2 protein chains.
Amino acid sequence: MRRDIFQAISDPTRRGIITLIAMQAMTPNAIAENFNTTRQAVSKHLRILTECEIVKQEQQGREIFYSLEIEKMKEIDKWLTQFREIWETRFNQLDKVLSTMSADRQAIKEQKK
Amino acid sequence: MRRDIFQAISDPTRRGIITLIAMQAMTPNAIAENFNTTRQAVSKHLRILTECEIVKQEQQGREIFYSLEIEKMKEIDKWLTQFREIWETRFNQLDKVLSTMSADRQAIKEQKK
DNA sequence: TAATTATGAAACCAATCAGTTGCAAATATA
DNA sequence: TATATTTGCAACTGATTGGTTTCATAATTA
């Protein structure tokens, strides 16, 4: 049962939970109200998210408030870096192509004169 | 069997394939050599990645070259935006706290004089 | 033409998954 | 103290997953 953040975010309900508690801590009951599923199912998702350390708990009496461990989200961002480099390079290359085209057109214009 | 990109990247082998073909197109056989699994299993992964439009094929004779559809990766980046906003805000807040602390220390210093 | 190579697809399997129902423990309230 | 509320956990279920083996098809090469 070795879980990682990529498996954690693969489920749409879990992504929903992550988004929901990103701004404010919430109890399992309150979270479950937002989804078309049972409280127990949400509880299981929370366990998975806790195991992955995407979520942290804070007990207050008999209630437990769950909130997002935002730092963990950076791991996805980190993995994306390699691809971001590629699409930025392509963009720069396109930029280069466009300016070259522009220069060429200018040259043609000059030639016509 | 409705698949999305988050499910596609949840499997470590698929993430490996994505990284592998990010820079250059490769055939299924060549890809499979890089993983401790059969060619057929890789073929199945490629089918999933193709269904999600993360990967594109180009037939050359009896060989098929698979390459990354980098634009699709931006969808993950887009989803991350909401969290990036949070961690950047927190960073700015920390920045504010630090400068306030600095000002306080300065005030204490001044008081001591 | 016959053999080889590259590939996808089908059938099957064990493991895992997301969900449900039922229950126990702890806390709060009447 | 008795009852209600909040929660996690265990047992079960049907669906899905990632993998293997086997086979069919198409293109290349001897």
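These numbers come from a predicted model, not from an experiment. Computation of the quantities below employed the complete heavy-atom set of this structure, encompassing side-chain atoms and omitting hydrogens, waters and symmetry-equivalent molecules.
When the side-chain nitrogen and oxygen atoms of B/Ser43 are compared with OP1 and OP2 of C/dT7, none of them lie within a distance under 4.0 Å. Residue A/Tyr66 has a polar side-chain atom (N or O) positioned under 4.0 Å from OP1 or OP2 of D/dG8. Side-chain N/O atoms of B/Ser10 include none lying less than 4.0 angstrom from OP1 or OP2 on C/dC17.
You'll find that the side chain of A/Thr37 is closest to C/dG19, out of C/dG19, D/dG8, C/dG8. The A/Glu63 side chain lies nearest to D/dT7 when the options are D/dG19, C/dC17, D/dT7. When distances run from any side-chain atom of B/Arg3 to the nucleotides C/dG8, D/dG8, D/dT17, the shortest one goes to D/dT17.
Among the protein residues, B/Phe35 comes within range of no part of the nucleic acid, since none of its heavy atoms lies under 4.0 Å from any strand.
Using a cut-off of 4.0 Å between Lys/Arg side-chain N and Asp/Glu carboxylate O, B/Arg15 and A/Asp4 are scored as salt-bridged. With respect to B/Lys78 and B/Glu75, no salt bridge is recorded, no charged nitrogen being found less than 4.0 Å from a carboxylate O.
A heavy-atom distance below 4.0 Å to DNA chain D is reached by none of the residues of residues 14-22 of chain A.
D/dT17 atom C1' lies 14 Å from atom CG of B/Leu49, rounded to whole Å. Distance A/Asp11 CG to D/dT16 C1': 12 Å, rounded to the nearest Å.
Along DNA chain C, the nucleotide closest to B/Pro28 and the one closest to A/Arg39 are compared, and the more 5′ of them pairs with B/Pro28. A residue-by-residue look at A/Gln40 and B/Leu46 shows that B/Leu46 has its nearest nucleotide of DNA chain C further toward the 5' end.
Under the salt bridge (Lys or Arg N to Asp or Glu O under 4.0 Å) criterion, A/Glu85 pairs with no residue at all, not counting sequence neighbours.
Formation of a donor-acceptor pair under 3.5 Å by the A/Arg14 side chain with backbone atoms of A/Ile9 is not found in this model. Panel note: side chain B/Arg3, backbone B/Cys52; no donor-acceptor pair is recorded below 3.5 Å.
With hydrogens and angles left out, the side chain of A/Arg62 and the base of D/dT5 share a donor-acceptor pair within 3.5 Å. Between the base of D/dG8 and the side chain of A/Lys44 there is no donor-acceptor pair shorter than 3.5 Å.
Residues B/Ser10 and A/Phe6 come closest through the heavy atom pair CB-O, 3.7 Å.
Shown here is B/Glu58, whose CD atom has no more than 12 heavy atoms of other residues, nucleotides or ligands within 6.0 Å.
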